[in-house]
Structures are given as structure tokens and as C-alpha cells.
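Notes follow once the structure below has been shown.
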Amino acid sequence: MSGYSLAIHGGAGTILKSKMTPEKEAAYREGLSTALEAGEAVLRKGGSAMDAVEAAVCALEDEPLFNSGRGAVYTSAGAQEMDACVMDGRDRSAGAVAGIFGPKNPIRLARAVMERTPHVLLIGPRALELAQEAGLEFGDRDYFFDQKRWDALQKTMQMRESGEEDDDPARRHG
Amino acid sequence: TVGAVARDRDGNLAAATSTGGMTAKMPGRIGDTPIPGAGTFADNATCAVSATGHGEVFIRYTAGAEIAARMRHLGETLEQAARHVVMEDLAPNDGSGGLVAVDSEGNITLPFNCEGMYRSSVREGSDPETAIYAE
């Protein structure tokens, strides 16, 4: 067999070069490098692809620059709802959660769904109970709060109230 | 949205994707991320995929599974299949975004049809590559 491979993403969209300062770009690159290294460290030691993608995504979820985990955006109601999924190419087993808030790393809960239940996708209170059963770490609203995400919500809501046209496809990105 | 795909030394593939959704979304709205075959997909025989973008469109076109289907039934390479889905299926149908994917041989592709995608990749024995815009 040949060697390992790993690829990660931290989202896509209208990333205006005019608004990208050298400091911001350096921070994004650092965040990506940290996540890639977290996943590659697993593969370098002979670990599994599943462990590697979990490690990489956890690092991205811990970095507020990216829209997941600690950097999750807000709904129109001012709440945060997170979705996550894992899939294992060996047997097409999969686990997912949707609309949850609490676990610091939703991707770990998605994996718990795959490994601890006969189901694929869980939502609601039972998903959070599973997170507790699996011993996953929880965060509160202060842990997940991010000023720039909150400000983005206010700006978007103001645009809607004023009827301002918005054809930026990036606003529809997850 | 964030995500990762990997091939380990045993040739096994895996994918993982996580998201907060989109700013000011309707409460309860779910995109493609937690839907296997749409935003997340893995099958050792073909590829592993993690997507980011306009989730509703990625769901309608079952983006991840479609790439695997093109590889399996048309004999396309990962690069051909992923590029077709991102540029020919999603882009003309309001499906802005991109994805990262790896095949059973460890080949990596990272296509996107918007201005940029935060991305990074590495293959054993090579230096990591990180990029934001089309480069």
C-alpha cells in the first residue's frame, strides 16, 4: 500500500482579498496548518483515516476563525445550532448530529452516533444525552460566544429589515 | 463549515464535516453537512468527500455520492468526477462552494467554484500545501 493522504477545508465563499489583511491571512493559514498537523500526526504514527479526520476537524472546531464548534455562526433567533457527520469508507458506516448546542466538538458526537447506536442521524435531547454518556466535553454560551459572529448576525438582520438586496452567494454557505 | 478527508496507510478512507450553518439561518434549518452522500461521503472503493457551500444545492445534487458514482460508473478519475460535480452540476444551479476529496490511491483534489476556499493538504513524503484563493 502507498502512503497516507489528508486534505482539510475551513469553508469557502467570498473571501475578499481587499478585506484580507496580512495578519488575518497569517491567522487563517496558522489555523489550517494546526489542523492539518493534528490529522497528519495520527496518520504518521500509523493511525486510521477515521481518527485522522476526527483529530483534524476537532482542531478546526476549536479555532474560532472557522464556522463550526467555537466559531459557529448564529441563527436568526440568536442561537447557535451545530451539525456534524463522519463516514467510514471501510463499510459505509456513518454517524451524524444536527441542530445541537453544547458539546465542544460536535464531530466527536457524530462519531459516537456511529459507534454507539444503530442509527445514522440524531437530533434533539437524545443526541445530547448520548454526548453525556460518551463523556464528551460541553461548553456554555460564553465558551461558544464570538463577537465577530454576533456582529455578523446583527448586520445581516439589519440588511433584512431594510430590505437591502443581497445576492452574495456566500451568505448561503454553511 | 470545516471538514477533512483522509486515506491511511492501510488504504482506508474516511470523511468528517462540521458546521454552524449559515449566518441568520432559520432555526432548525439543516444543510448538507450531516447528510451522508451530500456533504459527507466515504467509500473505500471510490473516494472520501467533505463539502462546503450552499447546502440545499449540495443536498439536491447529492454531491459526495455523485462524485463516487461518476468514478464507479463512468470510470472517471477523482479529479474529473469532482470537477464535474463542482463546476458543471453545482455551479450553474446556484451551488456555490467547494469540497476536498481523496481517492483510494491517495490522490487529492480540492475544487471550488467561488472566490476562495480555506484549504490545506498533504501526502506522505511531501510538504503540506495551504491556500485560500485560486492559486
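Everything quoted here is computed from the prediction, not taken from an experiment. Here is the naming used below: chain letters follow the sequence lines, and residue numbers restart at 1 for every chain.
In this structure, no portion of Arg111(A) lies under 4.5 Å from any heavy atom of chain B. Residue contact with chain A, scored on non-hydrogen atoms closer than 4.5 Å, involves the side chain of Val102(B) exclusively. Contact of Met157(A) with chain B is made through the side chain alone, with heavy-atom distances under 4.5 Å. Using a 4.5 Å cut-off between heavy atoms, Ala56(A) touches chain B through its side chain atoms alone. Looking at Ala94(A), only its side chain comes within 4.5 Å of chain B, counting heavy atoms on both sides. With a 4.5 Å cut-off on non-hydrogen atoms, Tyr74(A) touches chain B through its backbone but not through its side chain. For a residue to count as touching a neighbouring chain, one of its non-hydrogen atoms must lie under 4.5 Å from one of that chain's; by this rule Glu81(A) touches chain B with backbone and side chain alike. For a residue to count as touching a neighbouring chain, one of its non-hydrogen atoms must lie under 4.5 Å from one of that chain's; by this rule Val97(A) touches chain B with the backbone only. With a 4.5 angstrom heavy-atom cutoff, Leu36(A) touches chain B only via side-chain atoms.
With chain A as the partner, the residue from Gly31(B), Ala101(B), Gly28(B) showing the most heavy-atom pairs under 4.5 Å is Gly28(B). Across Pro36(B), Pro27(B), Gly64(B), Pro34(B), the residue that shares the most heavy-atom pairs under 4.5 angstrom with chain A is Pro34(B). Options Thr40(B), Asn12(B), Val122(B) differ in how many heavy-atom pairs under 4.5 Å they form with chain A, and the most are formed by Val122(B). For the options Ala48(B), Cys47(B), Ser50(B), heavy-atom pairs under 4.5 Å to chain A are most numerous at Ser50(B). Heavy-atom pairs under 4.5 Å with chain B were tallied for Ala98(A), Gly31(A), Ala84(A), Gly69(A); the largest tally goes to Ala84(A). The candidate with the highest count of non-hydrogen atom pairs below 4.5 Å against chain B, out of Ile107(A), Asp83(A), Val73(A), is Asp83(A). Of the listed residues Ala15(B), Gly39(B), Pro128(B), Gly125(B), the one with more heavy-atom pairs under 4.5 angstrom with chain A than any other is Ala15(B). Among Leu60(A), Asn105(A), Asp91(A), Asp51(A), the residue with the largest count of heavy-atom pairs under 4.5 Å with chain B is Leu60(A). Among Ser121(B), Ala14(B), Ala131(B), Ala24(B), the residue making the largest number of heavy-atom pairs under 4.5 Å with chain A is Ala24(B). Chain B forms the most heavy-atom pairs under 4.5 Å with one residue out of Ser48(A), Gly78(A), Cys85(A), Ala96(A), and that residue is Cys85(A).
Taking a cutoff of 4.0 Å between a charged side-chain nitrogen and a carboxylate oxygen, Asp43(B) and Arg92(A) qualify as a salt bridge. Look at Glu54(A) and Arg108(A) and you find a salt bridge, because one of the NZ, NE, NH1 or NH2 atoms lies within 4.0 Å of a carboxylate O, short of that distance. The residues Glu124(B) and Arg7(B) are annotated as not salt-bridged, no charged nitrogen and carboxylate oxygen being separated by less than 4.0 angstrom. Using a cut-off of 4.0 Å between Lys/Arg side-chain N and Asp/Glu carboxylate O, Glu40(A) and Arg123(B) are scored as not salt-bridged.
A donor atom on one side chain and an acceptor atom on the other are not found under 3.5 Å apart for Thr19(B) and Ser68(A).
For the side chain to side chain contact (heavy atoms under 4.5 Å, CB included) with Pro111(B), the lone residue among Ile67(B), Val85(B), Val86(B) that qualifies is Val86(B).
Tyr118(B) and Phe66(A) have perpendicular rings, their planes meeting at more than 60° on a 0 to 90° scale where under 30° would count as parallel.
The backbone N or O of Arg29(A) sits less than 3.5 Å from a side-chain atom of Ser33(A), completing a donor-acceptor pair. Under a 3.5 Å cut-off, the side chain of Asp8(B) and the backbone N or O of Ala49(A) do form a donor-acceptor pair.
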Assess the residue pair Leu99(B) and Thr52(B) against the criterion (side-chain contact (heavy atoms from CB on, under 4.5 Å)); give the C-alpha distance rounded to whole Å, side-chain angles, the decisive distance to 0.1 Å, and a yes or no. CA-CA 6 Å; Leu99(B) 55 85; Thr52(B) 174; over 6 Å; no
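Tyr143(A) has its ring centre no less than 6.0 Å from the ring centre of Phe138(A).
Heavy-atom neighbours of Ile123(A) CD1 from other residues, nucleotides or ligands within 6.0 Å: at or below the threshold of 12.
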